[in-house]
2 protein chains.
Amino acid sequence: MDTKTLCLGTLCFGDASGYDIKKMFEVAYSHFQGAGFGSIYPALAALEREGLVGRREEKQDKRPDRKVFSITEAGRERLLATLNQSPPLEKYRSDFLVIMFFAHLLDTERLREVLEQHRQDVQTDLNELQSIRDNCTLSEGMRFTVECGIACMEARLKVLRDRGETLLTHHSTLPEPPT
Amino acid sequence: MDTKTLCLGTLCFGDASGYDIKKMFEVAYSHFQGAGFGSIYPALAALEREGLVGRREEKQDKRPDRKVFSITEAGRERLLATLNQSPPLEKYRSDFLVIMFFAHLLDTERLREVLEQHRQDVQTDLNELQSIRDNCTLSEGMRFTVECGIACMEARLKVLRDRGETLLTHHSTLPEPPT
DNA sequence: GCTTGCATGTAACCGGTTACATGATTGT
DNA sequence: ACAATCATGTAACCGGTTACATGCAAGC
């Protein structure tokens with residue numbers, strides 16, 4: 001999903017500046033989407049050109065001015081149209097799994113390191129999601145996205161626990177190309 | 001992980017043409033990476049320019065010529081160096097979860113459709129991975145990647161089963177912005 | 001004094017996707 | 001006849017990431 005659509009969706013919750021939207025991206029969407037300022041500001045500018053959002057300037061003292069965007073009727077329609085399209089097939093990409101795929105090329109110490117680092121990363125993400133689930137007011141849909149993430153990470157951790165050790169002890173076995 | 005690295009890794013299993021590599025991408029790496037001809041051929045050309053792979057031409061009758069690539073010593077070193085770098089933090093992207101996040105904007109029928117379609121897609125991927133696990137000779141590392149995929153998809157299916165119905169019945173509730 | 005937060009943007013870069021271009025052979 | 005498989009590539013496009021550019025205020 002492109003940044004423009006995400007911005008439109010975010011503006012459905014209320015008016016916001018680019019900076020606000022970035023913060024939303026960090027908390028609410030972080031585990032299944034992400035975008036930096038370099039995507040958000042151009043996206044908002046494009047949306048304004050297309051008449052899908054409006055902007056007003058808010059002066060603040062002791063702070064830089066904020067440019068606050070609000071979604072227009074046309075913007076709502078566009079968002080709805082996008083959400084009603086069938087999403088393309090998911091494609092998961094993982095550099096970690098690429099390294100694991102070629103585990104036979106690494107030495108055992110390095111492999112142990114990669115596994116442990118990954119375990120920590122997943123655990124960190126999991127804790128964050130659990131804290132969102134337990135402390136935030138969420139719509140059913142949002143709760144669903146969070147629970148999907150939690151379930152996947154728990155499953156991933158289980159595989160790391162169950163198979164990590166065997167992987168380390170057996171990993172000298174010569175591989176054959178997959179068929 | 002970029003296509004060049006994946007190509008180098010693939011060539012570690014033996015010499016191959018661009019076409020062969022594409023097929024490997026479809027079966028072996030499909031659930032955590034992907035690349036089309038438009039990425040593979042330029043990648044191989046670049047690798048050749050850098051001296052990381054060599055190429056020879058194989059004439060075939062009744063078939064177009066094949067350009068068969070083989071990894072060089074420099075290529076092996078480069079691959080090892082890349083695999084020994086720490087992988088960047090995983091970021092999962094899912095258009096499906098974006099739609100779910102904004103579920104309150106959809107009508108119930110459409111939501112049901114999206115959920116059912118996604119369930120089918122995940123089930124299809126899961127079946128494929130299970131068949132790879134049960135029918136292919138795999139190194140420990142490869143088996144690990146497949147089992148990661150299987151575990152995540154089973155977890156995802158469980159969430160879809162457990163929460164799908166409640167989502168559909170409750171989804172008219174007004175959402176608040178997440179905090 | 002240094003870092004963090006607030007606040008907005010541009011430009012270069014990189015890399016993947018899609019469409020286009022070609023052409024013979026084999027199977028339905 | 002028509003689709004699929006084998007086989008290789010180019011060019012345009014799209015969109016995200018990173019680096020750069022600016023500047024003040026508050027807290028440590």
Side-chain angles (χ1 to χ4, degrees), chain A residues 1-8 10 15-27 29-30 32-50 53 55-69 82 87-95 98, chain B residues 1-8 10 15-27 29-30 32-50 53 55-69 82 87-95 98:
Chain A
M1 208 67 88
D2 59 26
T3 306
K4 278 162 66 178
T5 304
L6 268 290
C7 287
L8 285 178
T10 306
D15 297 356
S17 66
Y19 196 85
D20 296 335
I21 290 174
K22 172 79 189 320
K23 278 189 301 182
M24 289 275 294
F25 275 38
E26 270 158 18
V27 291
Y29 313 144
S30 61
F32 57 87
Q33 279 288 336
F37 289 124
S39 313
I40 293 170
Y41 286 120
L44 287 169
L47 288 171
E48 200 196 357
R49 277 198 304 276
E50 297 174 61
V53 303
R55 90 151 71 183
R56 65 171 187 278
E57 238 133 298
E58 262 180 25
K59 297 246 164 70
Q60 303 182 115
D61 48 293
K62 310 206 177 176
R63 295 243 168 277
D65 290 2
R66 308 172 74 229
K67 297 182 181 168
V68 180
F69 295 87
T82 307
L89 277 177
E90 311 253 319
K91 30 188 144 176
Y92 174 57
R93 315 213 145 202
S94 168
D95 284 7
V98 171
Chain B
M1 210 64 94
D2 58 26
T3 307
K4 278 163 65 178
T5 305
L6 268 290
C7 287
L8 284 178
T10 305
D15 298 354
S17 65
Y19 196 85
D20 296 335
I21 291 174
K22 172 79 190 319
K23 278 189 300 184
M24 288 276 293
F25 275 38
E26 270 158 17
V27 292
Y29 311 145
S30 60
F32 57 88
Q33 280 288 338
F37 289 123
S39 313
I40 292 169
Y41 286 120
L44 287 168
L47 288 170
E48 200 196 358
R49 277 198 305 276
E50 296 173 62
V53 303
R55 88 151 73 183
R56 65 172 188 278
E57 237 132 299
E58 262 180 24
K59 298 248 164 69
Q60 304 182 115
D61 48 295
K62 310 206 179 178
R63 293 245 166 276
D65 291 2
R66 307 172 76 229
K67 296 180 182 170
V68 179
F69 295 87
T82 307
L89 278 176
E90 311 252 321
K91 30 188 143 176
Y92 173 57
R93 315 216 144 201
S94 168
D95 283 6
V98 172

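Owing to the predicted nature of the structure, the values given are computational and were not obtained by experimental measurement. Within every chain, numbering begins at 1; the chains are lettered A, B, ... in the order of the sequence lines, protein sequences first and strands thereafter.
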Exercise. Which nucleotide in the list C:dT8, C:dG16, D:dC6 gets nearest to the side chain of B:T3?
Worked result: C:dG16
For this session: Before giving the answer on side-chain contact (heavy atoms from CB on, under 4.5 Å), spell out for A:F69 and A:L47 the whole-Å C-alpha distance, their side-chain angles and the decisive distance to 0.1 Å.
Result: CA-CA 10 Å; A:F69 295 87; A:L47 288 171; over 6 Å; no
For this session: Counting heavy atoms from C-beta on, name the nucleotide in D:dT17, C:dT8, C:dG16 closest to the side chain of B:S39.
Result: C:dG16
Exercise. Does the distance from a Lys or Arg side-chain N to an Asp or Glu carboxylate O, for A:E58 and A:R56, drop under 4.0 Å?
Worked result: yes
Seminar exercise, completed: Assert: residue with more 5' nearest nucleotide on DNA chain D, out of B:V68 and B:K91, is B:V68
Exercise. Can you tell which of D:dG16, C:dG16, D:dG9 lies closest to the side chain of B:R55?
Worked result: D:dG9
Exercise. Can you check the B:L47 CG to C:dG15 P distance for me, whole Å?
Worked result: 12 Å
Problem set entry | From D:dT17, C:dC6, C:dG9, nucleotide with atom closest to A:Y41 side chain | C:dG9
Exercise. When every nucleotide of nucleotides 23-28 of chain C is labelled 5' to 3' by its protein contacts under 4.0 Å (heavy atoms), B for base, S for sugar-phosphate only, - for none, what sequence of letters results?
Worked result: B-SS--
Seminar exercise, completed: Checking D:dT8, D:dT17, C:dT8 against the side chain of B:R93 (C-beta onward), the nearest is D:dT17
For this session: Give one of base, sugar-phosphate or nothing for B:K22, where a contact means two heavy atoms less than 4.0 Å apart.
Result: nothing
Exercise. Between A:Q60 and C:dC6, does any side-chain N or O lie under 4.0 Å from OP1 or OP2?
Worked result: no
Exercise. So which one's nearest nucleotide on DNA chain D is more toward 5', A:G38 or B:K23?
Worked result: B:K23
